[in-house]
Protein chains: 2
Amino acid sequence: MPLTIGQVALAVDVNVQTVRYYERRGLLAAPQRTVSGYRQYPEDTIGRLRFIRHAKGLGFALREIQELLELRVSRRTACDAVERKTREKIELVEQKIYDLRRINRTLGHLAAACAARRPTDDCPILGALEEHDESDN
Amino acid sequence: MPLTIGQVALAVDVNVQTVRYYERRGLLAAPQRTVSGYRQYPEDTIGRLRFIRHAKGLGFALREIQELLELRVSRRTACDAVERKTREKIELVEQKIYDLRRINRTLGHLAAACAARRPTDDCPILGALEEHDESDN
DNA sequence: CTTGACCTTATAGCTGGGTACAGGGTCTAT
DNA sequence: ATAGACCCTGTACCCAGCTATAAGGTCAAG
């Protein structure tokens, strides 16, 4: 049984307007309509919306999220192109992971220093993310 | 020898206005001024700006970046509070890393399927990031 | 057969994070 | 001593990503 826009919005805890906005932006396919014009969503729309929200929190723009969602191997899609794009995204994500790990290593040192009550002034986090500066995003 | 705003902006490749904007926002301390009112930046400002840029790309809001930068153990700062906050940030960052890894694992499967010319329709990335939905961000 | 909670489109407005412009002062080189 | 490249403040504008409002249609409950 299909869901109304209000139901999916509630399930994912986003605004109804936001769902329609994503449709306009192309992140969500235009769903079936009832005779009276109401949108009817399949249940997996909820997963899609959740994915979008998570990806946003990871620093992806809506445009990028759209690209991620469009990646797939379908019957007649150029396989090579998809593979290339996919590998590009993997690189990008790997870089993000790398940066986050550096941040976390530094935060770990800081927490340790705290626990040991060793006052280490000078913002400690600044060390994280030095180097590899060119080619930023 | 201190740097002018134009010099730091050039070094980090951001707009001069952006540097001033960060000062207004409190991400950058108001620097010394020359008698004529010119800002004089110490060299480590460059590192700080680079950190800000990277952190932005990882989905941190300026507000959060500010908090990260303010974390430090200083002489009389409540050590416990800093440690607690730091551990909170670590959790948050770890969650981001976890999510990114899920995305990348999925992208890896996709690339493999591409290479093997195995058409797997149905957007494969939707599987990544399922579960653990409550308490988002 | 009406009330109230839904849905529709269209358009306007808000927040975050900048970016540009106006109007003016400064500094260095020639 | 003046041109040109910088700096200053203040204000206005821009884009992404929503979010709210207006004006109206739908539908289930009573």
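Note that these values count all heavy atoms, side chains included, but never hydrogens, waters or copies made by symmetry. Chain A is the first sequence line, chain B the second, and so forth, proteins listed ahead of strands; every chain is numbered from 1.
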- Message: Check Lys85(B) with Glu67(B), please: is the shortest side-chain N to carboxylate O separation under 4.0 Å?
- Response: no

- Would you call Glu83(A)-Arg87(A) a salt bridge at under 4.0 Å N-O? yes

- Task: Let me know the distance between CG of Leu3(B) and C1' of dC7(D), rounded to the nearest Å.
- Result: 15 Å

- Item | Base-contact (B) and sugar-phosphate-only (S) positions in nucleotides 9-18 of chain D, heavy-atom cut-off under 4.0 Å, - elsewhere | B-------BB

- Query: Taking the nucleotide of DNA chain D with the closest heavy atom to each, which residue, Tyr38(A) or Val14(A), is nearer the 5' end?
  - Reply: Val14(A)

- Task: State plainly whether the residues Glu23(A) and Arg39(A) are in salt-bridge range, i.e. N to O under 4.0 Å.
- Result: yes

- Looking across every strand, which nucleic acid part, if any, lies under 4.0 Å from Thr4(A) by heavy atom: base, sugar-phosphate, or nothing? sugar-phosphate

- Apply side chain to side chain contact (heavy atoms under 4.5 Å, CB included) to Ile5(B) and Tyr38(B), showing your working. CA-CA 8 Å; Ile5(B) 194 168; Tyr38(B) 283 26; over 6 Å; no

- Task: Consider only side-chain heavy atoms of I, L, V, M, F, W and Y, link residues closer than 4.5 Å, and tell whether Tyr22(A) and Ile46(A) are in one cluster.
- Result: yes

- Query: With a distance cut-off below 6.0 Å to the six-membered ring centre and an angular limit of 45° from the axis, does Lys56(B) pair with Phe51(B) as a cation-pi contact?
  - Reply: no

- First-last contacting nucleotides on DNA chain C - partner chain B, under 4.0 angstrom, heavy atom: dG17(C) to dC27(C)

- Query: When you look at CZ of Arg25(A), are more than 12 heavy atoms from neighbouring residues, nucleotides or ligands closer to it than 6.0 Å?
  - Reply: yes

- Message: In whole Å, I'd like the distance from the CD atom of Gln7(A) to the P atom of dA28(D).
- Response: 12 Å

- Message: Take a 6.0 Å sphere around CD of Glu91(B) and say whether it holds more than 12 heavy atoms from other residues, nucleotides or ligands.
- Response: no

